[in-house]
Amino acid sequence: MATRTQIQNSVTDQATGDGTAVLTVTSPCYVPTSGGSASPSAQSQPQPLSADEASQQAVLAHSSRIYEALRVRHDAAGGGELRTVENEGATYVHHAWATEPLAEDRAARAVARAQGHFEGAGWQVRGVPGRLVALNPADEVVAQLARADDGGLNVGVTGPATPVVHTPPSA
């Protein structure tokens, strides 16, 4: 589920008004913290992460960058859950969400922006009928975009539950 967070600061200088800031973010890539409020994958107080938390944050970070690349609103009812999936003895972290319904031309432009993001970031991209699939070779995260029945885009980002570390071959 998409969450909304609001960060609010107070006025620090009454004469100039400096210091006033209100930021409201609505994104499918924010998850509730243990305190119940929404926060991005980055924490305000750096703390060591478990392997599961590191994998979850990596998947959410990729998902967030895809959301930014698409430049369309998400569908608040279109998922946003972060979950763990097991398949053939391996465990993965999966984040799925959807955009609002889009006209055909707007959806095509959004997918083209996502493809540009993937290619620019070094992902291996494959277009298959009705979907775009990309693999990030650095951390083996896979992203899929597909046109939904309602005209929106379904987005899924899946990565290994244990972070992948590639070491260069020995000489």
Side-chain angles (χ1 to χ4, degrees), residues 1-5 24-33 38-43 49-167:
M1 84 192 73
T3 56
R4 178 181 169 159
T5 187
T24 301
V25 178
T26 303
S27 169
C29 305
Y30 281 57
V31 294
T33 62
S39 68
S41 60
Q43 298 177 355
L49 298 174
S50 70
D52 287 346
E53 290 170 325
S55 296
Q56 291 170 2
Q57 288 193 7
V59 165
L60 286 173
H62 286 303
S63 193
S64 181
R65 287 189 287 276
I66 294 165
Y67 179 67
E68 291 168 5
L70 289 172
R71 289 188 271 168
V72 296
R73 291 185 173 270
H74 71 281
D75 179 356
E81 297 87 20
L82 184 65
R83 58 191 178 109
T84 302
V85 179
E86 293 199 24
N87 184 29
E88 296 181 9
T91 305
Y92 301 92
V93 175
H94 181 72
H95 185 233
W97 52 277
T99 70
E100 66 185 0
L102 304 167
E104 188 69 36
D105 62 331
R106 192 165 172 226
R109 287 192 307 269
V111 170
R113 285 190 296 269
Q115 183 169 354
H117 159 73
F118 291 134
E119 291 170 348
W123 292 57
Q124 298 169 357
V125 182
R126 179 179 301 165
V128 294
R131 77 180 59 234
L132 181 67
V133 180
L135 168 70
N136 184 327
D139 59 10
E140 299 182 8
V141 169
V142 174
Q144 296 185 57
L145 283 76
R147 191 69 191 248
D149 291 339
D150 70 358
L153 296 172
N154 289 330
V155 179
V157 182
T158 307
T162 303
V164 175
V165 178
H166 292 279
T167 55

Indicate yes or no: at least one non-hydrogen side-chain atom of [X] is less than 4.5 angstrom from one of [Y].
{"X": "Thr158", "Y": "Val141", "answer": "no"}
{"X": "Tyr92", "Y": "Thr84", "answer": "no"}
{"X": "His94", "Y": "Leu82", "answer": "no"}
{"X": "Leu153", "Y": "Leu102", "answer": "yes"}

Step-by-step side-chain contact (heavy atoms from CB on, under 4.5 Å) determination, Arg126 to Val128:
CA-CA 6 Å; Arg126 179 179 301 165; Val128 294; 3.8 Å; yes
Can you list everything that forms a salt bridge (Lys or Arg N to Asp or Glu O under 4.0 Å) with Arg131? Sequence neighbours excluded, please.
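By the salt bridge (Lys or Arg N to Asp or Glu O under 4.0 Å) rule, Arg131 matches no residue at all.
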In chain order, what residues pass the salt bridge (Lys or Arg N to Asp or Glu O under 4.0 Å) check against Glu86, with sequence neighbours excluded?
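For Glu86, no residue satisfies salt bridge (Lys or Arg N to Asp or Glu O under 4.0 Å) once neighbours in sequence are set aside.
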Which atoms form the tightest heavy-atom contact between [X] and [Y], and what is the distance?
{"X": "Ala69", "Y": "Ala114", "value": "CB-CA, 4.2 Å"}
{"X": "Ser55", "Y": "Pro160", "value": "OG-O, 3.2 Å"}
{"X": "Asn136", "Y": "Trp123", "value": "N-CE3, 3.3 Å"}
{"X": "Ala110", "Y": "Val72", "value": "CB-CG1, 4.2 Å"}
{"X": "Pro137", "Y": "Gly122", "value": "CD-O, 3.5 Å"}
{"X": "Tyr67", "Y": "His74", "value": "OH-ND1, 3.4 Å"}

Inter-residue atom distance [X].[atom1] - [Y].[atom2], 0.5 Å rounding:
{"X": "Arg65", "Y": "Glu68", "atom1": "CZ", "atom2": "CD", "answer": "8.0 Å"}
{"X": "Asp149", "Y": "Asn154", "atom1": "CG", "atom2": "CG", "answer": "8.5 Å"}
{"X": "Leu132", "Y": "Phe118", "atom1": "CG", "atom2": "CZ", "answer": "6.0 Å"}
{"X": "Ile66", "Y": "His117", "atom1": "CD1", "atom2": "NE2", "answer": "5.5 Å"}

Would you mind checking if Glu104 and Arg109 are paired as a salt bridge, meaning a charged N to carboxylate O distance below 4.0 Å?
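Not counted as a salt bridge, because no side-chain N and carboxylate O are separated by less than 4.0 Å.
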Exam field: side chain Arg113 to backbone Leu70, donor-acceptor pair closer than 3.5 Å:
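Side chain of Arg113 to backbone of Leu70: a pair is present.
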Backbone N or O of Gly152 within a donor-acceptor pair of the Thr99 side chain at under 3.5 Å?
no
Going by atom types alone, do Gln115 and Glu119 pair a side-chain donor with an acceptor below 3.5 Å?
yes
